Amino acid sequence: MPRERKTGAQGRSRPRAATSASSGPVSTRTLCPRPALPNEPGVSLNAYGFRKVNAAMSDIVTRFAPSPTGYLHIGGARTALFNWLFARGRGGRFLLRIEDTDRDRSTPEATTAILKGLTWLGLDWDGEVVSQFDRRERHAEVAREMLARGHAYKCFSTQDEIEAFREAARAGGRSTLFQSPWRDADPADHPDAPFVIRLKAPRAGETVIEDAVQGKVTFGNDQLDDMVCLRSDGTPTYMLAVVVDDHDMGVTHVIRGDDHLNNAARQTQVYLAMDWAVPVWAHIPLIHGPDGKKLSKRHGAVGLEEYQAMGYPAAGMRNYLTRLGWAHGDAEFFSDAQARDWFDLEGIGRAPARLDFKKLENLCGQHIAAAPDAALLPEIEAFLEASGQPALSQPQKDGLSRALYCLKDRAKTFPELLEKAHFVLGNRPFEPDEKAAQALDPVSRGILRELTPQMQNASWSRDKLEEIVASVAGAHGLGLGKIAGPLRAALAGRTISPSVFDMMLVIGREETLARLKDAAV
RNA sequence: GGCCCGUUCGUCUAUCGGUUAGGACACCAGGUUUUCAACCUGGGAAGAGGGGUUCGACUCCCCUACGGGCUGCCA
């Protein structure tokens with residue numbers, strides 16, 4: 001019997017049970033002021049605002065719901081990507097919600113970092129960003145509703161009492177799941193004291209979740225305690241807030257990290273208590289470091305912005321991240337359009353995947369090579385800014401534009417591309433680096449001098465230039481390789497660069513001769 | 001401790017009971033070559049272990065090992 005795996009795309013009707021008349025609209029308050037659009041070309045302006053809804057819409061609604069406690073984690077970025085791909089590939093909507101109910105740890109800076117990260121990755125969202133904190137009244141209202149329905153109760157146990165209970169349970173080898181004495185208490189006995197509202201979860205039976213990735217997962221209800229929905233200060237807990245928000249926002253597919261798999265069972269109980277349609281769950285495995293351990297700071301880059309600063313193109317990141325933990329047959333290198341087309345929940349693997357920078361680089365190299373020059377230049381400029389490097393001058397931009405054709409096939413990252421672009425970014429006189437200087441020995445310089453008169457009047461074509469260089473080399477009984485080294489050193493001041501002929505074509509006769517002269521003295 | 005999830009080449013993965021277990025990255029060897037890169041050819045490389053079920057298991061079931069997650073008035 002094959003593991004049950006279903007996509008929400010097919011089947012599963014989802015009656016939108018509008019049980020509560022007070023099902024308010026989702027808060028439309030923007031979380032933070034729209035950041036001034038950073039100099040990030042390739043990103044559409046509406047990424048920070050409303051997105052035009054296209055005609056072919058489906059009912060599918062996904063969301064990404066990070067908590068703003070730091071940077072955008074690479075794993076979170078992939079989760080966002082999967083949600084985005086799933087919605088965009090099916091004409092659905094992709095929403096963004098910031099889970100900022102933990103006031104101590106949430107910061108506006110973190111929110112901005114998340115929005116910038118998503119924008120750089122090219123993931124645009126529909127509607128405005130929802131602040132979970134802003135919806136706390138609605139959450140409290142649902143808690144009261146559950147109370148009224150008899151699916152929740154007021155619990156007056158203090159945290160000290162609960163802790164004591166747990167300690168005793170641990171000592172006695174019993175389950176530490178807290179069993180509140182207030183579960184079935186007569187309201188007449190309620191003291192005038194602070195209380196939390198707990199879900200009155202079923203004690204017997206099972207809670208089953210149908211997960212599109214993990215299959216059917218069953219939990220014994222005796223493993224699930226009466227979780228707190230509303231804290232004693234009246235604020236909602238995450239468990240309650242996610243459910244209420246996902247329901248109100250009309251989320252149909254919850255695609256998130258599998259660290260939430262257990263939570264799905266508890267959350268299911270809330271959906272049931274409120275008579276709401278349970279969404280399709282899809283719990284995806286986490287990303288691990290190259291050593292197979294949970295990805296952490298010591299692995300190096302965990303924040304998405306670090307990847308931008310390292311010079312990986314966004315398209316390559318999307319491709320790599322999509323492929324990490326998901327497969328479509330043997331497809332490795334693909335476009336965004338193909339990814340949207342192919343992405344599905346069945347293709348998601350169930351085991352955690354490790355980050356492989358070599359493969360990331362390989363894919364990035366292919367994407368740089370495939371990118372139109374017009375798209376590359378702005379992306380390179382954004383990279384320079386993101387990595388804190390000086391911006392390109394207009395002449396540098398012009399030079400780079402002209403040289404891209406012979407640069408992009410040989411770079412896996414932007415720093416690598418820029419390194420090879422030195423011949424067009426720098427100015428005369430080119431100070432040769434150590435290795436280049438070695439190539440410019442006296443004999444070589446003599447040969448370079450011989451090149452000059454012949455190039456003076458030659459037609460500036462690749463064929464002609466090759467012919468000249470080959471003949472001069474031949475006259476000395478040398479192969480092209482012997483003369484290309486010094487030539488490269490003279491033209492670029494480096495030992496790595498594009499082909500010497502490409503460089504000559506890009507910088508032109510005058511500049512070429514000037515550089516040869518500089519080097520020959 | 002309890003509950004839940006996972007385990008195919010070094011890495012990402014394909015396979016959905018019958019394949020010489022395929023591809024990609026990486027690696028090694030050779031070729032091409034004006035550097036780097038690219039490219040071409042070839043090569044080594046995998047079903048965690050043990051039980052079942054079956055004519056037949058990488059595929060289904062159980063156990064063990066290992067890894068991960070949850071077990072909060074964090075998210």
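Keep in mind that what you see is a predicted model, and the values were worked out from it rather than measured. So that the names make sense, note that chain A is the first sequence line, chain B the second, and so on, each numbered from 1.
- With salt bridges taken as basic N to acidic carboxylate O contacts below 4.0 Å, none links A:Glu141 and A:Arg144.
- Ranked by how close their nearest RNA chain B nucleotide is to the 5' end, A:Arg174 and A:Leu286 are led by A:Arg174.
- Using the Watson-Crick or G-U wobble rule with both distances under 3.5 Å, B:G1 pairs with B:U71.
- Counted by atom type alone, A:Thr235 and A:Asp233 present one or more donor-acceptor pairs between their side chains at under 3.5 Å.
- When heavy atoms are screened at a 4.0 angstrom cut-off, A:His260 is found touching base atoms of the nucleic acid.
- Between A:Phe86 and A:Phe343, the ring-plane angle classifies as perpendicular under the 30° and 60° cut-offs.
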Q | Full working for side chain to side chain contact (heavy atoms under 4.5 Å, CB included) between A:Phe423 and A:Arg488 | A | CA-CA 9 Å; A:Phe423 79 99; A:Arg488 184 183 313 283; over 6 Å; no
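- In the model, A:Tyr238 has no side-chain atom that pairs as donor or acceptor with a side-chain atom of A:Asp102 under 3.5 Å.
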Taking N or O atoms only and anything under 3.5 Å, show me the protein contacts with nucleotides 37-47 of chain B, one pair per line.
none

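- Ring geometry for A:Tyr307 versus A:Tyr312: interplanar angle of 30 to 60°, hence tilted.
- One atom, CG of A:Leu224, and another, C1' of B:U71, lie 10 Å apart when rounded to the nearest Å.
- Within the structure, a side-chain polar atom (N or O) of A:Thr101 is placed less than 4.0 Å from OP1 or OP2 of B:A75.
- Note on A:Met227: nothing from the nucleic acid sits closer than 4.0 angstrom, heavy atoms only.
- Rounded to a whole angstrom, the distance from the P atom of B:C62 to that of B:U7 is 14 Å.
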Enumerate all atom pairs, one protein N or O and one N or O from nucleotides 2-4 of chain B, separated by less than 3.5 Å.
unit_1 : atom_1 : unit_2   : atom_2 : d
B:G2   : O2'    : A:Gln223 : OE1    : 3.1
B:C3   : O4'    : A:Gln223 : OE1    : 3.3

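- Summarising the geometry, the separation between CD1 on A:Ile209 and C1' on B:C5 is reported as 10 Å, rounded to the nearest angstrom.
- Within the 4.5 Å cutoff, no side-chain heavy atoms of A:Lys482 are placed close to those of A:Ile447.
- Remark: C1' of B:C73 and CG of A:Asp160 are 13 Å apart, rounded to the nearest angstrom.
- Distance check on atom C1': B:U59 versus B:G52 gives 15 Å, rounded to whole Å.
- Candidate nucleotides B:C73, B:U11, B:U13 were compared by shortest atom distance to the side chain of A:Ala353, and B:U13 ranks first.
- Taking the P atom of each, B:A38 and B:A26 are spaced 7 Å apart, rounded to whole Å.
- Across all strands, A:Gly325 comes closer than 4.0 Å only to sugar-phosphate atoms, never to a base (heavy-atom distances).
- Distance check on atom C1': B:U15 versus B:A57 gives 13 Å, rounded to whole Å.
- Across all strands, A:Leu360 comes closer than 4.0 Å to no nucleic acid atom at all (heavy-atom distances).
- When the P atom of B:C25 is taken as reference, atom CZ of A:Arg354 falls 20 Å away, rounded to whole Å.
- Side-chain nitrogen and oxygen atoms of A:Arg350 include at least one within less than 4.0 Å of the OP1 or OP2 phosphate oxygen of B:G6.
- Sequence order on RNA chain B of the closest nucleotides to A:Leu355 and A:Leu230 puts A:Leu355 first from the 5' end.
- Taking the P atoms as reference points, B:C39 lies 12 Å from B:A24, given to the whole Å.
- One N or O donor and one acceptor, one from the side chain of A:Ser232 and one from the base of B:C73, sit under 3.5 Å apart.
- The distance from atom CD of A:Glu332 to atom P of B:G22 is 15 Å, rounded to the nearest whole Å.
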Polar-atom pairs under 3.5 Å, protein N or O versus N or O of nucleotides 30-34 of chain B: list them with distances, or write none.
unit_1 : atom_1 : unit_2   : atom_2 : d
B:U34  : O2'    : A:Arg488 : NH2    : 3.0
B:U34  : O2     : A:Arg488 : NH2    : 2.6

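- Side chain A:Asp330 to base B:G22: a donor-acceptor pair is found below 3.5 Å.
- When Watson-Crick and G-U wobble pairs are counted only if both distances are under 3.5 Å, B:C66 pairs with B:G6.
- When the P atom of B:C12 is taken as reference, atom CZ of A:Arg318 falls 23 Å away, rounded to whole Å.
- Taking the charged nitrogens against the carboxylate oxygens, A:Arg170 and A:Glu163 do have a contact shorter than 4.0 Å, which makes a salt bridge.
- Closest to the A:Asp356 side chain, of the nucleotides B:G1, B:C25, B:U13, is B:C25.
- A side-chain donor-acceptor contact under 3.5 Å links A:Ser444 to the backbone of A:Ala439.
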(Q) Walk me through whether A:Met146 and A:Leu240 qualify under side chain to side chain contact (heavy atoms under 4.5 Å, CB included). (A) CA-CA 11 Å; A:Met146 288 198 295; A:Leu240 202 225; 4.1 Å; yes
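- Using a 4.0 Å heavy-atom criterion, one finds that A:Glu99 contacts the sugar-phosphate atoms exclusively.
- Counting heavy atoms of neighbouring residues, nucleotides and ligands inside a 6.0 Å radius, atom CD of A:Glu137 does not exceed 12 of them.
- Rounded to a whole Å, the CG atom of A:Asp259 is 10 Å from the P atom of B:U71.
- A salt bridge does not link A:Arg350 with A:Asp258: none of the charged nitrogens is closer than 4.0 Å to a carboxylate oxygen.
- When the P atom is compared between B:G67 and B:A14, the two are found 24 Å apart, to the nearest whole Å.
- Comparing the same atom, C1', in B:G2 and in B:G44 gives a spacing of 46 Å after rounding to whole Å.
- Taking the six-membered ring where tryptophan is involved, the planes of A:Trp342 and A:Phe334 are perpendicular, since the angle between them exceeds 60° and thus also 30°.
- B:U54: no Watson-Crick or G-U partner with both key distances under 3.5 Å is found in any strand.
- If you check every strand for non-hydrogen atoms under 4.0 Å, A:Arg105 touches a base.
- Following rounding to the nearest Å, A:Leu417 (CG) and B:C36 (P) show an atom-to-atom distance of 18 Å.
- Across all strands shown, A:Asp233 has no heavy atoms under 4.0 Å from either base or sugar-phosphate atoms.
- Straight-line distance between the C1' atoms of B:G69 and B:G47: roughly 25 Å, to the nearest whole Å.
- At a threshold of 4.0 angstrom between heavy atoms, the contacts of A:Val228 are confined to the sugar-phosphate backbone, with no base atom among them.
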Q | Audit row: A:Leu115, A:Trp125, side chain to side chain contact (heavy atoms under 4.5 Å, CB included) steps and yes/no | A | CA-CA 10 Å; A:Leu115 300 189; A:Trp125 54 90; 3.9 Å; yes
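- Phosphate contact (OP1/OP2 of B:G72, side-chain N/O of A:Arg166, threshold under 4.0 Å): present.
- For A:Ala327, counting side-chain heavy atoms from C-beta on, the closest listed nucleotide (B:A24, B:U71, B:U13) is B:U13.
- Checking B:U33 for Watson-Crick or G-U wobble geometry (two distances, each under 3.5 Å) identifies no partner in any strand.
- Remark: B:C27 base-pairs with B:G43. Criterion, Watson-Crick or G-U wobble with two distances under 3.5 Å.
- In this structure, A:Val254 and A:His260 have side chains that are not in contact, with every pair of non-hydrogen atoms separated by 4.5 Å or more.
- Aromatic pair A:His247/A:Tyr271: ring centres not closer than 6.0 Å.
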